[in-house]
Participant: 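Starting off with a structure, shown below.
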Amino acid sequence: MAAPGMAAAGERVSESGVSGSSASGGSYNPPSHTAANIISQHGNLEAGTESGETAKIAGRLMLRRVQGKVAFGTLQDSTGRIQVFAPAQSTPSFEEFCECSIGDWLEVEGEIMTTRRGELSVRVDRWQLLASTRHPFPDKWHGLADTDTRYRRRYLDLWVTEETRATFNLRSKLSSHIRRWLEDRGYQEVETPILHAIAGGAHAKPFVTHHEALDCDLYLRVAPELYLKRLVVGGMERVFEMGRVFRNEGLSPRHNPEFTLLELYAAYSDYTHMMMLSQELIQHLARTLVGSEQLIYNGRELNLGGDWCRVSMLDVIAEGIQEHLSLETPRDRLVELAQKYDIETQDWWGPGKLICEIYEKTCEADIWEPTFVVDYPSEVSPLAMECPDKPGWTQRFELIIAGREVANAFSELVDPGEQRSRFEAQNANREHGDVEAMLIDEDYLRALEYGMPPTGGLGIGIDRLVALLADCQSLRDVLLFPTLRPED
RNA sequence: GCCCCUCUAGCUCAAUUGGCAGAGCAACGGACUCUUAAUCCGCAGGUUCUGGGUUCGAGUCCCAGGGGGGGUACCA
C-alpha cells in the first residue's frame with residue numbers, strides 16, 4: 001500500500017526527478033524486501049505457484065523482456081537480482097511500464113510468485129518510477145571494459161561489474177572487522193589532525209596547503225604516528241586510527257597519493273608483540289572475509305596460515321645476492337653493489353641507507369609468503385628504538401606478502417635525547433637535499449620528555465591488504481575513486 | 001619524470017596491402033500472453049581522441065598534443 005500522497009502506481013516521475021510523493025512532505029515508505037530476502041525466503045517455491053505474500057522492492061531495471069501482453073524485468077538492488085513479472089491484464093499502466101529504460105530506478109510491489117518456468121518473481125501489482133537514467137546503460141552482457149570509464153564513473157561500474165561490488169563489499173567488511181577486532185583487544189579508536197604544521201612520521205613528501213586566518217602553510221599528514229604517540233604519553237595505552245594519509249608521490253598500481261593507513265600503538269609492548277598482532281589480525285581477516293588462510297593471488301597460491309617466517313634484513317640480502325653485508329662493510333663496496341643494481345646513490349648516504357636500498361631493490365619483490373623482515377638500520381628508522389645488543393640497528397620489521405610491504409612496525413623510540421639526535425640526523429639529510437627527511441618536531445620531543453612507556457607501534461596499508469584479500473593487482477581496483485587526472 | 005602499448009556509434013568490438021567506416025547490444029518504430037543476454041521485422045545512429053603531414057586516396061603510415069593502461073623511478 002502506497003503512502004498517502006504518493007504518486008499513483010505507474011506514474012512517471014517528472015523530468016526534475018522529483019516524484020509525486022513530494023506533495024506529502026517527502027515521506028517515503030522504504031521497500032519491505034531485498035532481492036536476497038526474497039530468494040532466501042522463497043527460493044524453493046514450486047514453478048507456477050503464488051506465495052500469498054506481498055513484497056515491495058526497489059532497484060534498477062537491468063534487463064527487460066517485453067512479450068506482447070506480458071513483460072519481464074530484472075531488478076537489481078544492493079543484494080542481487082530478482083525478476084519482476086508484469087502481465088498486461090493486472091499491471092497498472094502496462095504500456096508505460098514496458099517503456100521503462102534499462103537503468104531506471106523502479107519500485108515494484110506485488111505478490112511473490114514463480115512463473116511457469118519456475119523463475120522466482122515479484123508480480124507487478126503496483127509500480128512507480130523512482131528515477132530515470134538519461135544516459136544509456138552499458139552493454140547488458142559485456143558491461144564496461146574501459147578502465148578509465150570504470151574508475152571515473154564508479155556509480156555506473158558498481159551496477160554493471162559484479163567484481164567491483166564484491167571488492168568494495170569486502171573492503172567495507174574488512175574495515176568493520178578490524179575495528180571490532182581491535183576494540184575487543186582494548187584498542188580505542190581516535191581521530192588526530194590531518195592538517196599538520198610539521199608533516200612527520202614518515203619519509204615522504206607532503207601536500208602543502210595554506211590556512212588563511214593563521215596565515216601559515218599547513219601540510220596534509222603523511223602519517224598519524226607522532227600524534228598517536230602523543231596520546232600514549234597522554235595515557236591512552238592502546239590507541240588506533242584508521243584513516244587517510246597523503247603523500248605527494250607518483251601513481252602506480254601499488255601507489256595512490258591518498259591511501260588508508262591503520263596505525264596502532266600499545267604501551268608496555270614491543271615489536272615482537274606487533275608481529276603476533278599483525279599475524280593474528282590478518283589471519284583473522286582472511287578466515288572471515290575469504291573463508292580461508294590459503295589464498296590465490298595473481299594466479300598463485302599464497303598461504304597465510306601458520307607462524308610467519310622472521311628473517312633479518314642482512315640474512316635476506318645474503319640469500320638474495322650471495323654476499324654478507326654489515327654496517328662495517330667498506331662504503332666503497334656498498335656503493336659498488338648499489339650501482340650494480342641500478343641504484344642512484346647519494347654521497348651523504350650512510351651504510352644503513354645503502355644496505356636498505358640494496359635490500360629493497362634486490363630482495364623485497366621476491367618474497368612471496370608472509371615474512372617479517374626484521375632489524376632495520378637506525379639510519380632509515382628515525383622513530384624506532386635501537387636493538388640493545390646491535391648498535392646501528394633497530395627493533396623494527398616490515399611485513400612482506402606477495403612482494404609488497406603490507407605492514408611496518410617497531411618498538412618505539414621513547415628516549416627524548418636519542419630522538420632529538422635522530423631528528424638532527426634527518427635534518428642534515430634535508431640539508432643535503434632529501435626533501436622527504438623528517439623535520440624536528442619540538443612539541444613531540446617535549447611530549448617524550450614528559451615520559452613515554454615502552455611502546456610497540458604498527459602500521460598496515462589497508463588498500464594493499466584489501467588488494468591481497470580481494471585478489472586485485474591494482475590499488476585502483478580497491479579505491480572507489482582512485483586519483484586520476486581531472487577530465488578536460 | 002622516462003619507456004612501451006592503446007583510443008572506431010551510448011556500450012562491446014570489426015574493418016585484408018593505404019581503397020565506399022560495419023556488426024551485436026542499447027535507443028527508436030512494429031509483431032508477440034511465461035521470458036531468462038527473449039525472439040522476429042524495420043529504422044536510425046560517426047569530428048574513427050585532437051591538430052598537422054605524406055598520398056590520387058588515411059581508421060590504417062609519419063610528427064606533435066591529449067586521455068587511459070602497463071613498466072620504470074620515488075614510495076607504503
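None of these values were measured; they are calculated from a predicted model. In what follows, chains carry the letters A, B, and so on, assigned in the order in which the sequence lines appear, proteins first and then strands, with residues in each chain numbered from 1.
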Participant: Under 4.0 Å: is that the gap between some side-chain N or O of A/Arg64 and OP1 or OP2 of B/A27?
Facilitator: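 Answer yes for this pair, as a side-chain N or O of A/Arg64 is under 4.0 Å from OP1 or OP2.
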Participant: What distance, rounded to whole Å, do you find between the two C1' atoms, one in B/A58 and one in B/C20?
Facilitator: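 Each nucleotide's C1' atom is 14 Å from the other's.
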Participant: From the list B/A26, B/C34, B/C11, which nucleotide is the closest neighbour of the side chain of A/Leu144?
Facilitator: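 Of the candidates, B/C11 comes closest.
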Participant: At 4.0 Å (heavy atoms only), tell me whether A/Thr147 reaches a base, stays on the sugar-phosphate, or touches nothing.
Facilitator: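 Here A/Thr147 touches the backbone only, sparing every base.
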Participant: Test A/Leu220 against A/Leu195 for side chain to side chain contact (heavy atoms under 4.5 Å, CB included), laying out the working first.
Facilitator: CA-CA 5 Å; A/Leu220 300 189; A/Leu195 294 174; 3.7 Å; yes
Participant: Quick one: label A/Val66 by what it contacts on the DNA or RNA (base, sugar-phosphate, nothing), any heavy atom closer than 4.0 Å.
Facilitator: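 Base, at least one base atom sits under 4.0 Å.
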Participant: Which nucleotide, B/C34, B/A38, B/C74, lies nearest any side-chain atom of A/Glu357?
Facilitator: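 The answer is B/C74.
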Participant: For A/Pro253 and for A/Arg152, locate the closest nucleotide of RNA chain B by heavy-atom distance; then report the residue assigned to the nucleotide nearer the 5' terminus.
Facilitator: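 Between the two, 5'-proximity favours A/Arg152.
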Participant: Measure from the side chain of A/Arg247, starting at C-beta and using heavy atoms only, and say which of B/A76, B/U12, B/A26 lies closest.
Facilitator: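 Among B/A76, B/U12, B/A26, the one nearest the side chain of A/Arg247 is B/A76.
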Participant: Would you kindly give the CE-to-P distance between A/Met62 and B/U36, to the nearest whole Å?
Facilitator: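 After rounding, the reported distance stands at 19 Å.
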Participant: Under 4.0 Å, heavy atoms only, any strand: does A/Tyr151 hit a base, just the sugar-phosphate, or nothing?
Facilitator: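 Counting heavy atoms under 4.0 Å across all strands, the contact made by A/Tyr151 is with sugar-phosphate only.
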Participant: What's the gap between B/C34 and B/G29 when it is taken at their P atoms, as a whole Å value?
Facilitator: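 Taking atom P in both B/C34 and B/G29, they lie 23 Å apart.
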Participant: May I ask you to check whether over 12 heavy atoms, not counting those of A/Arg152, lie within 6.0 Å of atom CZ?
Facilitator: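 Atom CZ in A/Arg152 is crowded, with more than 12 foreign heavy atoms closer than 6.0 Å.
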Participant: The test is salt bridge (charged side-chain N to carboxylate O under 4.0 Å, His left out); show your working for A/Lys229 and A/Glu225 and say whether it passes.
Facilitator: CA-CA 6 Å; A/Lys229 290 198 280 196; A/Glu225 172 151 359; 2.7 Å; yes
Participant: Does the base of B/U33 carry an N or O that pairs as donor and acceptor with the side chain of A/Gln67 under 3.5 Å?
Facilitator: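 Donor-acceptor pair under 3.5 Å: no.
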Participant: Rounded off to whole Å, could you give me the CZ-to-P distance for the A/Arg485 and B/C7 pair?
Facilitator: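 Atom CZ in A/Arg485 sits about 20 Å away from atom P in B/C7.
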Participant: A/Lys69 side chain: which of B/C34, B/U33, B/U12 is closest?
Facilitator: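 Output: B/U33.
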Participant: Assign the ring pair A/Tyr227 / A/His196 to parallel, tilted or perpendicular, where the plane angle (0 to 90°) is split at 30° and 60°.
Facilitator: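 Rings of A/Tyr227 and A/His196: tilted, 30 to 60°.
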Participant: To the side chain of A/Asp139, which of B/C13, B/U36, B/C25 is closest?
Facilitator: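 The answer is B/C25, which lies nearest to the side chain.
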Participant: Could you go through A/Phe397 and A/Phe410, starting from their C-alpha distance and side-chain angles, then the distance that decides it, and tell me whether this counts as ring pair (Phe, Tyr, Trp, His ring centres under 6.0 Å)?
Facilitator: CA-CA 6 Å; A/Phe397 71 82; A/Phe410 29 90; 9.0 Å; no
Participant: Looking for any heavy atom pair under 4.0 Å, which part of the strands does A/Ala145 touch: base, sugar-phosphate only, or nothing?
Facilitator: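 If one applies the 4.0 Å heavy-atom cut-off, A/Ala145 turns out to touch the sugar-phosphate alone, with no base involved.
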Participant: What integer distance in Å separates A/His142:NE2 from B/A14:P?
Facilitator: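 It is 11 Å, rounded to the nearest whole Å.
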Participant: Roughly how many Å apart are B/G46 and B/U54, using the C1' atom of each and rounding to a whole number?
Facilitator: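 My reading of the C1' atoms in B/U54 and B/G46 gives 25 Å.
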Participant: In whole Å, I'd like the distance from the CG atom of A/Leu63 to the P atom of B/U39.
Facilitator: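 The distance from CG of A/Leu63 to P of B/U39 comes to 11 Å, rounded to the nearest Å.
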Participant: Given atom CG of A/Leu468 and atom P of B/A76, what is their separation to the nearest angstrom?
Facilitator: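 Result: 18 Å.
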Participant: Would you say the base of B/A38 stacks on A/Phe72 (centre-to-centre below 5.5 Å, plane angle below 30°)?
Facilitator: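 Taking the rule of under 5.5 Å and under 30°, the ring of A/Phe72 does not stack on B/A38.
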Participant: Which heavy atom of A/Glu293 sits nearest a heavy atom of A/Ala286, and at what distance?
Facilitator: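 In terms of heavy atoms, the two residues are closest at CA-CB, 4.4 Å.
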Participant: When the distance from CG of A/Leu251 to C1' of B/G67 is rounded to whole Å, what number comes out?
Facilitator: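 Answer to the nearest Å: 14 Å.
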Participant: Base, sugar-phosphate alone, or nothing: which one does A/Glu119 contact when heavy atoms must sit under 4.0 Å apart?
Facilitator: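 Here A/Glu119 touches the bases of the nucleic acid.
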Participant: Remember a base hit wins even if backbone is also touched, and classify A/Asn256 as base, sugar-phosphate or nothing at under 4.0 Å, heavy atoms.
Facilitator: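 Result for A/Asn256 = base.
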Participant: Among B/G68, B/A76, B/G71, find the nucleotide with the atom closest to the side chain of A/Leu484.
Facilitator: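 Selected nucleotide (nearest to the side chain): B/G68.
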Participant: Could you tell me which nucleotide pairs with B/A64 by Watson-Crick or G-U wobble geometry, both distances under 3.5 Å, or answer none if nothing does?
Facilitator: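 WC or wobble partner is B/U50.
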Participant: Does A/Glu107 pair with A/Lys56 as a salt bridge, N-O distance under 4.0 Å?
Facilitator: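 Yes, charged N to carboxylate O under 4.0 Å.
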Participant: Within the structure shown, what part of the strands sits under 4.0 Å from A/Gln83 by heavy-atom distance: base, sugar-phosphate, or nothing?
Facilitator: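 Touches a base.
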Participant: Suppose you measure atom C1' in B/G53 against the same atom in B/G18; what distance do you get, rounded to whole Å?
Facilitator: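 My reading of the C1' atoms in B/G53 and B/G18 gives 15 Å.
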Participant: To the nearest angstrom, how far is A/Lys205 atom NZ from B/C74 atom C1'?
Facilitator: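 So the NZ-C1' distance, A/Lys205 to B/C74, works out to 8 Å.
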Participant: What contact category does A/Asp146 fall into here, base, sugar-phosphate, or nothing, at under 4.0 angstrom with non-hydrogen atoms?
Facilitator: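 It contacts sugar-phosphate atoms only.
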Participant: Could you please name the option among B/A37, B/C11, B/C13 that lies closest to any side-chain atom of A/Lys140?
Facilitator: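 The listed nucleotide nearest to A/Lys140's side chain is B/A37.
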Participant: For the side chain of A/Arg254, counting heavy atoms from C-beta on, which of B/U33, B/A26, B/G71 is nearest?
Facilitator: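 Of all the options, the side chain of A/Arg254 is nearest to B/G71.
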Participant: Which word best sums up how the rings of A/Phe372 and A/Trp308 line up, parallel for under 30°, tilted for 30 to 60°, or perpendicular for over 60°?
Facilitator: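 Ring orientation of A/Phe372 relative to A/Trp308: tilted.
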Participant: Name the closest nucleotide to the A/Trp141 side chain, picking from B/A37, B/A76, B/G67.
Facilitator: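 Per side-chain heavy atoms of A/Trp141, the pick is B/A37.
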Participant: Describe the nucleic acid contact of A/Gly143 in one word from base, sugar-phosphate, nothing, applying a heavy-atom distance below 4.0 Å.
Facilitator: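 Sugar-phosphate contact only.
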Participant: Taking atom C1' in both B/C13 and B/G52, what distance in whole Å separates the two?
Facilitator: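 Straight-line distance between the two C1' atoms is 29 Å.
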Participant: Looking at B/U36, which nucleotide sits across from it as a Watson-Crick or G-U wobble partner, both distances under 3.5 angstrom, or is there none?
Facilitator: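 For B/U36, the partner nucleotide comes out as none, under the 3.5 Å rule.
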Participant: Let me confirm one number: the CG-CD1 distance from A/Asn37 to A/Ile82, rounded to the nearest 0.5 Å.
Facilitator: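 One gets 10.0 Å once the value is rounded to the nearest 0.5 Å.
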Participant: Pairing check on B/A21: which nucleotide meets the Watson-Crick or G-U wobble criteria with it, both distances under 3.5 Å?
Facilitator: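 Paired with no nucleotide.
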Participant: Measuring from the side chain of A/Ser474 (C-beta onward, heavy atoms only), which nucleotide among B/G70, B/A26, B/U36 has the closest atom?
Facilitator: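 The nucleotide sitting nearest to the side chain is B/G70.
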Participant: Could you work out the separation of B/U8 and B/U48 based on their P atoms and round it to a whole Å?
Facilitator: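 Each nucleotide's P atom is 12 Å from the other's.
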Participant: Atom CG of A/Asp104 to atom C1' of B/A26: distance rounded to whole Å?
Facilitator: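 For the pair A/Asp104 CG and B/A26 C1', the rounded distance is 13 Å.
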Participant: Quick one: look up who B/G42 pairs with, Watson-Crick or G-U, both distances under 3.5 Å, and put none if it's unpaired.
Facilitator: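 Pairing partner, where one exists within any strand: B/C28.
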